[in-house]
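Only one structure is covered here, and it is reproduced in the block below.
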Amino acid sequence: MYATVRDELAATLEEIRSAGLYKPERRLTSPQSAHIATTAGDSLNFCANNYLGLADHPDIIAAARNALDEWGFGMASVRFICGTQTLHKDVEAALSAFLGTDDTILYSSCFDANGGVFEVLFGEGDAIISDELNHASLIDGIRLCKAARYRYRNADMSDLRGQLVAARDGGAERIVVVTDGVFSMDGSFAPLGEICDLAEEFGAMVMVDDSHAVGFIGATGAGTPELFGVRDRVDIVSGTLGKALGGASGGYISSHQEVVDLLRQRSRPYLFSNAVAPSVAAGSLAALRLATSAVDARKRLQDNASLFRALMDEAGFELLPGEHPIVPVMFRGEDGARLAAEIADDMLSHGVYVIAFSYPVVPKGAARIRVQLSAAHSPEDVRAAVSAFTAARERHTG
């Protein structure tokens, strides 16, 4: 039987390669950092989610190492059986204090967190209204529940109002508006103030996936609800420990007490997945402590993003507008995907690590190289990246 399946799978893989969509995995030969070593040589890393530069911070490494001695390697259990240590509760409490919520529940990943929240809270007779650019984990989580599904155009408040009217006219009991706080392919912010206004008008809840914001966006780094002044108006926040907060693994839902309590009882990814490893929990707790006082790092991050944008504008590149440290460098048109991939490959050979994205990850004709700045980059690193972009463009476009 497998011989037939093998041929079909091989054909599918060849279609992916022929379309230029195959994703090879480049190998790092060093810890994650702004400066890395790869099998192609030393590189400046401009495509990690390491926004605060904490992935190789010595305090975090020390906390994780000490946890191996104090707490062991793994839990070998889910949380409700014998997988909860004091350490896990400490991380949850620290996240709740940081985000200003009642309580927080840890998951193995934010993908699991988003996959485990909707089925518990919403069902037949309810409605979920989702931004069209929401992360795949939100889309998959929404598919798992039986609520009616509505979608609105990205950050389009007129369309959101229309979907809210449709949900209300359809007799929905519970309605929730779901959005990324920051859209990861564009580096743009959801208009949370307007979203909360509309939600309140229609009696809806609001959920925000803030994975690309917590730790470095907002006055204290508490994310987009803080940035837009709506922390008390957002009902559910999901996020990750795998980006700015140390970059390891683990995700969470942070919310009202009753929401978290019910998730602990019924959320399948929580109930049937091993607890986050003690070393990861301890390292993430150290990362949270660093993030709460990372005023200088947040400023460096913003300065680096501003410098990169200014220099790339001067060099004549098309950037999507914004202020986030995600900066998409656009390569439009039929040949854009090929050009973006060639430039990204060329840059690696000259010591700058970036990745090209094309359809179906982004819309057709809107290929891009998504650059991500870090507080660990120096101004010289930023200038080197811009120089590499310019040189690679000249080699491939004349």
Side-chain angles (χ1 to χ4, degrees), residues 31-33 48-80 82-113 209-218 220-223 225-226 231 237-255 257 260 263-264 269-270 273-298 301 374-376:
Q32 183 64 272
S33 181
N49 300 311
N50 189 25
Y51 295 111
L52 292 176
L54 298 180
D56 62 341
H57 194 286
D59 291 355
I60 295 174
I61 294 171
R65 182 180 293 116
N66 292 337
L68 287 170
D69 294 330
E70 182 176 358
W71 297 100
F73 176 66
M75 293 310 302
S77 177
V78 300
R79 288 283 298 272
F80 82 95
C82 57
T84 298
Q85 293 172 325
T86 303
L87 189 57
H88 296 96
K89 303 304 293 184
D90 289 345
V91 176
E92 290 170 339
L95 280 166
S96 301
F98 188 44
L99 300 175
T101 59
D102 290 346
D103 201 358
T104 299
I105 175 173
L106 285 179
Y107 288 80
S108 298
S109 68
C110 188
F111 208 106
D112 274 350
D209 180 331
D210 224 21
S211 293
H212 284 279
V214 169
F216 61 98
I217 294 296
T220 68
E226 180 180 48
R231 293 174 77 173
V237 176
S238 65
T240 181
L241 303 175
K243 292 183 171 59
L245 300 179
S249 61
Y252 57 85
I253 298 291
S254 200
S255 185
Q257 191 65 60
V260 173
L263 291 175
R264 292 193 195 278
Y270 178 81
S273 295
N274 265 17
V276 174
S279 58
V280 171
S284 299
L285 186 58
L288 266 168
R289 292 177 181 135
L290 289 167
T292 58
S293 59
V295 177
D296 291 343
R298 288 194 289 272
L301 176 59
S374 170

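Here, residue 1 is the first one in the sequence, and each next residue gets the next number. Values below: every heavy atom of this structure, side chains too, minus hydrogens, waters and symmetry copies.
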Checklist entry - Hey, what do you get for OH (Y51) to NZ (K243), rounding to the nearest 0.5 Å? => result 7.0 Å
Next on the checklist: Within the 4.5 Å heavy-atom criterion, are R65 and S279 side-chain neighbours or not?
Outcome noted: no
Checklist entry - Quick one: which of L95, V276, T101 gives a side chain to side chain contact (heavy atoms under 4.5 Å, CB included) with Y252? => result L95
Checklist entry - Atom CG of D103 and atom CD1 of I253: how far apart are they, to the nearest 0.5 Å? => result 12.0 Å
Next on the checklist: So, taking the atom named OG in S238 and the one named CG in D112, what distance separates them when rounded to the nearest 0.5 Å?
Outcome noted: 12.0 Å
Item to check | Distance, nearest 0.5 Å, that separates CG of D56 from CG of N50 | outcome: 7.0 Å
Checklist entry - salt bridge (Lys or Arg N to Asp or Glu O under 4.0 Å) with R298: which residues, sequence neighbours excluded? => result none
Item to check | L263 side chain near Y270 side chain, heavy-atom distance below 4.5 Å | outcome: no
Item to check | For T104 against S96, the heavy-atom pair lying closest together | outcome: OG1-OG, 2.8 Å
Item to check | Between CD on residue E92 and CG on residue L106, distance to nearest 0.5 Å | outcome: 4.0 Å
Checklist entry - Any idea which heavy atoms bring S249 and V280 closest together, and the distance? => result O-CG1, 3.4 Å
Checklist entry - Roughly how far, to the nearest 0.5 Å, is the CD atom of Q85 from the CG atom of D90? => result 10.5 Å
Item to check | Sub-4.5 Å side-chain heavy-atom contact between K89 and T84 | outcome: yes
Next on the checklist: Could you check whether any side-chain heavy atom of V214 comes within less than 4.5 Å of a side-chain heavy atom of F98, counting everything from C-beta outward?
Outcome noted: yes
Next on the checklist: With a 4.5 Å cut-off on side-chain heavy atoms, are T240 and F111 touching?
Outcome noted: no
Checklist entry - Which atoms form the tightest heavy-atom contact between L241 and S284, and what is the distance? => result CD1-OG, 3.7 Å
Item to check | Nearest non-hydrogen partners of G74 and P278, listed with the distance | outcome: CA-CD, 4.0 Å
Checklist entry - Minimum heavy-atom separation for S77 to G83, with atom names? => result OG-N, 3.4 Å
Next on the checklist: Please find the pair of heavy atoms, one from G221 and one from E226, that lie closest to each other, and give the distance.
Outcome noted: N-OE1, 3.3 Å
Checklist outcome for this item: Only residue of L245, I60, L285 satisfying side chain to side chain contact (heavy atoms under 4.5 Å, CB included) with L290 is I60
